[in-house]
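What follows is a single structure, written as structure tokens, with notes after it.
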Amino acid sequence: MPSAIEQIVDIYVRLKNRRGLDQLMMHRQRLAVDLKSRSGYDFSLPIGQIDEEIAIIEAGLSRLKADPADRGATGLF
């Protein structure tokens, strides 16, 4: 069964919602920066999870860019 983030990214890709994917990416990147700047506790597990989510979102953005219907709709070839 796909994770929640995989399902969300898949829906955004199917709806061609690049803005939603970009917002997800920015949020995860801010979380990663915030956790990496903290000390006093081992944040390696949540940082690893966020890094995995960022990779899933990047893959979704790549799928969105590779969609020929998307390029045709925007007039970019």
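None of these values were measured; they are calculated from a predicted model.
A heavy-atom distance below 4.5 Å is found between the side chains of R38 and F43. For the pair R28 and I5, the minimum side-chain heavy-atom distance is below 4.5 Å. Looking only at side-chain heavy atoms (C-beta outward), D22 and L61 come within less than 4.5 Å of each other.
A salt bridge does not link D34 to R30: none of the charged nitrogens lies less than 4.0 Å from a carboxylate oxygen.
A continuous path of Ile, Leu, Val, Met, Phe, Trp and Tyr side chains, each step under 4.5 Å between heavy atoms, connects L31 with Y41, placing both in one hydrophobic cluster.
Each salt bridge (charged side-chain N to carboxylate O under 4.0 Å, His left out) pair with one or both residues in residues 54-64, not counting sequence neighbours, appears once here: D10-R63.
Atoms CD and CD, on E53 and Q29 in that order, are 12.5 Å from each other to the nearest 0.5 Å. In this structure, I50 CD1 and L35 CG are separated by 4.5 Å, a value rounded to the nearest 0.5 Å. For the atom pair E52 CD and I57 CD1, the distance stands at 12.0 Å (nearest 0.5 Å). Note: L24 CG to I54 CD1 = 11.0 Å, rounded to the nearest 0.5 Å. Taken to the nearest 0.5 Å, the CD atom of Q49 stands 8.0 Å off from the OG atom of S3.
Judged purely by atom type and a 3.5 angstrom limit, Q23 has no side-chain atom pairing as donor or acceptor with the backbone of G20.
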Before you tell me yes or no, could you show the steps for R19 and N17 under side-chain contact (heavy atoms from CB on, under 4.5 Å), namely the whole-Å CA-CA distance, both residues' side-chain angles and the distance that decides it to 0.1 Å?
CA-CA 5 Å; R19 185 176 181 184; N17 187 346; 3.8 Å; yes
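Scanning for side chain to side chain donor-acceptor pair (under 3.5 Å) contacts around S37 gives an empty result, with sequence neighbours left out.
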